[in-house]
There are 2 protein chains.
Amino acid sequence: LLSTVSALGERALIARITNRLHVPDWVIVGPGDDAAAIEPERGTVDVLTTDAQVEGVHFDHRFMPPDAIGHRALAVNLSDLAAMGARPRAALLSLVLPDDLEVSVLDGVLDGMLRVADAHRVAIIGGNISRSPGPLMIDVTAIGSARRRHLMARGGARSGDGVYVTGTIGDGRAGLQALRTGGDPKSTGACEQRFLYPEPRVRAGMLLARNRAATACMDLSDGLADGVRQVAEASRVGMVIDAASLPITEAARSWFESQRHDPVEAAISGGDDYELLFTAKQSNNARFRGVAKLIRGLPITKIGVVTKEPRLVVRYPEGDRELAGGFEHFR
Amino acid sequence: LLSTVSALGERALIARITNRLHVPDWVIVGPGDDAAAIEPERGTVDVLTTDAQVEGVHFDHRFMPPDAIGHRALAVNLSDLAAMGARPRAALLSLVLPDDLEVSVLDGVLDGMLRVADAHRVAIIGGNISRSPGPLMIDVTAIGSARRRHLMARGGARSGDGVYVTGTIGDGRAGLQALRTGGDPKSTGACEQRFLYPEPRVRAGMLLARNRAATACMDLSDGLADGVRQVAEASRVGMVIDAASLPITEAARSWFESQRHDPVEAAISGGDDYELLFTAKQSNNARFRGVAKLIRGLPITKIGVVTKEPRLVVRYPEGDRELAGGFEHFR
């Protein structure tokens, strides 16, 4: 009967959401007041980030189930906290909803978001609901904590450092392309799943930070090319990336080949991987192996070196090429 | 030449914004990294809130200058912090921008927002920019601090307490109506200014909290009727509001009369006042007068009493009436 959000009304909507939230004891004022209040964690600094998911820009109902939309809305924010080495604690949820949005879609969005929240022990402590005259928009602000001396930033890479990525790159972009075009009948769906349900590298980020194994770190939301450029610019260094070393799955490689794209170039320029790109002193190998051992199951691959000369180069067997631009919104 | 945000491009847009921001020394990592990091204030808890301004729902370019849009986007969040008694410290800015948005409009939005930020010493520490296939959307998350024992919430009103508001009510709604209909030629524009540039009651909120003069508090974003209902429900009490005592300006009164609306009913049900509604023990008069004295220039008016019986009543000379519903989005 009350199948759209406008038929349900604002108060019932808010109650429907807040009834599903667990509020841990360090939350002093939870959802339902003018603002939320939380106890800071002793000896740490607050780490804060915000990221919006917009219908028609970041997601499309035609090929994304509601729970994937909710999963991604929180996961991309936790990925940003992971890149700083922070432990995620809480999130605020700002929903901008079209009047005719089905309540079942909203429930699905929450299903996906709350699974990610539970997996990473993130409390949703408040938020806001507004009407949208256009697309559905989900804006999440995530708050985490880190010891000040453990914080990782983009500006710390030094000449001679190694360049590393967690996991594999290219699957996100391959998955998005496959979903958009109706998919690859021979595909196992691995890339599609990677795009729909990215796993923020929270544990890897915290371990890298606590062991002070990384000199710089960022997450690969907009692709490896963008990440390499951002870390290099912030650190005022260059990088040489070894094309042959890039960790690209067989699934992504075969998808890109089926589309007549060069797999290495597609994986470098593609986005939505939500892996961590970081640099580390090569002399710090013991520290670094300790981290790699603790992050069982998640490969860490050395993909290049930091150079003094501020050029960005991809080294192919045939020779060096300038790094292609990463993904830029508004271009 | 580069007059729209899509022509300018994402990096140039971000640089254009971050170049205007002042970053105080307690900000450890400011704009431009994966997340921001701030030093918490010793002995306080973090207070967090988020609120979105959506084109076509909360604002309209036809009658709102860009700086008012930016002013309101931050001010409504500071108003929420004020209601908790928190001191605002920082904000994150999430912008969802149509491709064809004029850069000059964005500059104007920032002008208004940064004036509010400067006035209240709020640092804009980070944010996000996304494309919008529809309306312009500005989502702000504000972070403040308060001593735990000073926090005000909605649920503390007790039978016998007085009910108070800061400033005047009704101007916001009168101003919005006047702007929408092309205005009142006899008007001085006072109500329009109140709607366009609401002043968050940050100082009043902090003083009420520090002096522990209020038992409950919330801000009047959605009107007095909504505020009375929310505080009463959260506190499980009733309220009797005295119609004759309501602080309604001559400007608002004359606007509502020109529209053949009952001024008292219009002021009660109208929104966008961003005043504080609070309850206080009547025996606490000394404490309370101390606060009133410190908030020079801002009147505080007693408008009713808290009752044990959970009814919401407006007392008119002709007799009692049930309180009309407040503004609800999606209805």
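Predicted, not measured: the structure shown is a model, and the values here were computed from it. Reminder, nothing fancy here: chain letters follow the sequence lines and each chain counts from 1.
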Quick one: are Gln230(B) and Arg11(A) in side-chain contact, heavy atoms under 4.5 Å?
-> yes
Would you mind checking which part of Ile125(B) comes under 4.5 Å of any heavy atom in chain A, side chain (CB onward), backbone (N, CA, C, O), both or neither?
-> side chain
Using modelled atom types only, decide if a donor and an acceptor are shared between the side chain of Arg154(A) and the backbone of Gly32(B) within a distance under 3.5 Å.
-> yes
At a heavy-atom separation under 4.5 Å, does Thr44(A) approach chain B through its side chain, its backbone, both, or neither?
-> backbone
So which part of Ser221(B) gets closer than 4.5 Å to some heavy atom of chain A, the side chain, the backbone, both or neither?
-> neither
Heavy-atom side-chain proximity of Arg131(B) to His58(A) below 4.5 angstrom = no
Of the non-hydrogen atoms in Val54(B) and Pro133(A), which two are nearest, and what is the gap between them?
-> CG1-CD, 3.7 Å
Top contributor to chain A contacts, counting heavy-atom pairs under 4.5 Å, from Val47(B), Asp139(B), Leu81(B) | Asp139(B)
Close side-chain approach of Leu151(A) to Ile28(B), heavy-atom, < 4.5 Å | yes
In Å, rounded to the nearest 0.5 Å, how long is the span from CG of Asp33(A) to CE of Met152(B)?
-> 10.0 Å
Which answer fits Met84(A), side chain, backbone, both or neither, if we ask what part of it has an atom under 4.5 Å from a heavy atom of chain B?
-> side chain
Between chain A and each of Gly126(B), Gly134(B), Ala52(B), count heavy-atom pairs under 4.5 Å; write down the option with the most.
-> Ala52(B)
Under a 4.5 Å heavy-atom cut-off, does chain B meet the side chain of Gln53(A), its backbone, both or neither?
-> neither
So which part of Arg42(B) gets closer than 4.5 Å to some heavy atom of chain A, the side chain, the backbone, both or neither?
-> neither
Check: Leu92(B) and Thr49(A) side chains under 4.5 Å, non-hydrogen atoms | no
Over all heavy atoms of both residues, which pair between Pro135(A) and Pro135(B) is shortest? Give the atoms and the distance, please.
-> CD-CD, 3.5 Å
Is Asp46(A) salt-bridged to Arg89(B), cutoff N-O under 4.0 Å?
-> no
Between Ile143(B), Asp80(B), Leu93(B), Thr141(B), which residue shows the highest count of heavy-atom pairs closer than 4.5 Å to chain A?
-> Asp80(B)
Highest number of heavy-atom pairs under 4.5 Å with chain A among Gly127(B), Ala86(B), Ala146(B), Gly56(B) belongs to Gly127(B)
Taking all heavy atoms of Val45(A) and all of Pro40(B), pick out the closest pair and write down the distance.
-> CA-CD, 3.8 Å
Between OG on residue Ser94(A) and CE on residue Met137(B), distance to nearest 0.5 Å | 6.5 Å
Going from CG on Leu48(B) to CG on Leu48(A), what distance comes out if it is rounded to the nearest 0.5 angstrom?
-> 7.0 Å
CG (Asn128(A)) and CG (Asp51(B)) are apart, to the nearest 0.5 Å, by 4.0 Å
With distance as the sole test, does Asp34(B) use its side chain to make a donor-acceptor pair with the main-chain N or O of Asp219(A) at under 3.5 Å?
-> yes
Leu95(A) versus chain B, heavy atoms under 4.5 Å apart: side chain, backbone, both or neither?
-> neither
